[in-house]
Amino acid sequence: MNKKISPKKIGRNDPCICGSGKKYKKCCMNADNNRIALKSEYEKKYDIILKTPDQIKGIKKSGRLLLSILDKVEKFIKPGITTNMINSLVHEEHVRAGAIPAPLNYKGFPKSVCTSVNEVICHGIPSDQVLKDGDIINVDVTPILGGFYADASKTFFVGTPTNDGRKVTNIARKALKKGIDAVKPGATLGDLGFAIQNYSESNGCSVVREFIGHGVGIEFHEQPQVLHYGVRGTGIKLVPGMVFTIEPMVNLGKKELHILDDNWTAVTNDHSLSAQFEQTILVTETGYESLTPFEL
Ligand code: MF3
Ligand code: CO
Ligand code: CO
């Protein structure tokens, strides 16, 4: 389907709406036309929806809710609680804010949040599992607020981390930072994949291949696919208005994984620890803006 982009309402010789006092054709007209052309090119060629300022506002608002939920989760996590208790907290916080937890019933996922403990890479299902001192746990939250999705996750320490837990968590956090720092218009998806892979592997860890970042905002998983490994200069060129997640899963041991019989839980084959951080990133005119910002 070819969606029509709304027709321009300002005439070439009308005063520009930016308030410069110049005629539109002498002011913002070219830039506007370029944006319209780029939007339709990315939609046709890659099925990527470049976001409008209003859509970005909506995703940001959803992101603010997400961060407030992650803050509550962080304060709540301690030895002795169950992952089901995290699910209840996260679910209630969505309801209270008038939001929907996107994971619930997504392709049959049975809970409102993913809780991935120790050797679980991602898509851990909240259960009666009791958290114990020294565990690490990734909590991945995706609210739909006003129709807009934001997607982010953090790995938390339960009590006092082990040396291995601290190491893999810190490397996953910094790997996300390296990926985000590579985001700017004109860079490619391969540039950020390379940055993440290079950093993680230089530090003796491995990067999971089977799960990747993704466009997000209007739907849970949109184009493009964002690989956390790659070759510099390859892949789709980043342009302003792209919104996607970066969410490297970093293993202390080898990268290979298997899925448990529940059809969701992804576990490292060598049972080494795995950690992950995720943010929703907007490509701006000059670089990037995180729509789910937290310190890395
Ligand atoms: N939030 C995950 C992501 O980052 C997706 C979880 S899908 C679910 O893409 F069904 F497991 F919730
Ligand atoms: Co995601
Ligand atoms: Co997520």
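Atoms within a ligand are numbered from 1 in the order they appear, just like the ligands themselves.
- Ion pairing between a basic and an acidic side chain is recognised when a charged N comes within 4.0 Å of a carboxylate O; Asp164 and Lys167 show no such pairing.
- Note on Met249 and Val267: separate hydrophobic clusters, where clusters join Ile, Leu, Val, Met, Phe, Trp and Tyr whose side-chain heavy atoms are under 4.5 Å apart, directly or indirectly.
- Proximity to Glu278 (heavy-atom distance under 4.0 Å) selects the following atoms of ligand 1: 4 (O).
- Atom numbering of ligand 1 starts at 1 in the shown order; those under 4.0 Å from a heavy atom of Asp151 are 1 (N), 3 (C), 4 (O), 9 (O).
- Taking the ring axis of Phe76 as reference, the NZ or CZ atom of Lys78 stays within 45° of it and closer than 6.0 Å to the ring centre.
- For atom 9 (O) of ligand 1, the closest heavy atom belonging to the protein is His221 NE2, 2.9 Å.
- For Leu260, the CG atom sits in a packed shell: over 12 heavy atoms of surrounding residues, nucleotides or ligands are nearer than 6.0 Å.
- Here the side chains of Ile48 and Ile236 are in contact, with some heavy-atom distance below 4.5 Å.
- Taking atom 2 (C) of ligand 1 as the reference point, the nearest protein heavy-atom neighbour is Asp140 OD2, 3.4 Å.
- Atom numbering of ligand 1 starts at 1 in the shown order; those under 4.0 Å from a heavy atom of Pro103 are 12 (F).
- Here the side chain of Thr169 pairs no donor or acceptor atom with the backbone of Arg166 at under 3.5 angstrom.
- Ion pairing between a basic and an acidic side chain is recognised when a charged N comes within 4.0 Å of a carboxylate O; Lys51 and Glu222 show such pairing.
- Asn34 CG: more than 12 foreign heavy atoms inside a 6.0 Å radius.
- Among the atoms of His214, an N, O or S atom is found under 2.8 Å from the Co ion (ligand 2).
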- Message: Thr142 vs Asp151, test: side chain to side chain donor-acceptor pair (under 3.5 Å). Steps then yes/no.
- Response: CA-CA 5 Å; Thr142 312; Asp151 190 6; 2.9 Å; yes
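- Contacts between Phe211 and ligand 1 below 4.0 angstrom, taking non-hydrogen atoms only, are absent altogether.
- Note: His214 and Tyr149 fail the aromatic proximity criterion, with ring centroids not under 6.0 Å apart.
- Within the listing of ligand 1, atoms 1 (N) sit less than 4.0 angstrom from a heavy atom of Thr142.
- At a cut-off of 2.8 Å, measuring from the Co ion (ligand 3), the protein N, O or S atoms that fall short of it are Asp140 OD1, Asp140 OD2, Asp151 OD1, Glu278 OE1, waters left aside.
- In the vicinity of Glu247, heavy-atom distances shorter than 4.0 Å reach the ligand 1 atoms 3 (C), 4 (O), 9 (O).
- Atom 5 (C) of ligand 1 has its closest protein heavy atom at Phe220 CZ, 3.6 Å.
- Classification of the His123-Trp264 ring pair by plane angle, with boundaries at 30° and 60°, yields perpendicular.
- Contacts between Cys114 and ligand 1, counted as non-hydrogen atom pairs separated by less than 4.0 Å, involve the side chain only.
- Taking a 6.0 Å sphere around NZ of Lys184, one finds it holds 12 or fewer heavy atoms contributed by other residues, nucleotides or ligands.
- Polar contact with ligand 1: present for His214 (N/O pair, distance under 3.5 Å).
- Using cut-offs of 30° and 60° on the angle between ring planes, the pair His271 and His258 is perpendicular.
- When only non-hydrogen protein atoms are considered, atom 7 (S) of ligand 1 lies nearest to Tyr106 CD2, 3.8 Å.
- Heavy-atom distances between His123 and ligand 1 reach below 4.0 Å in at least one pair.
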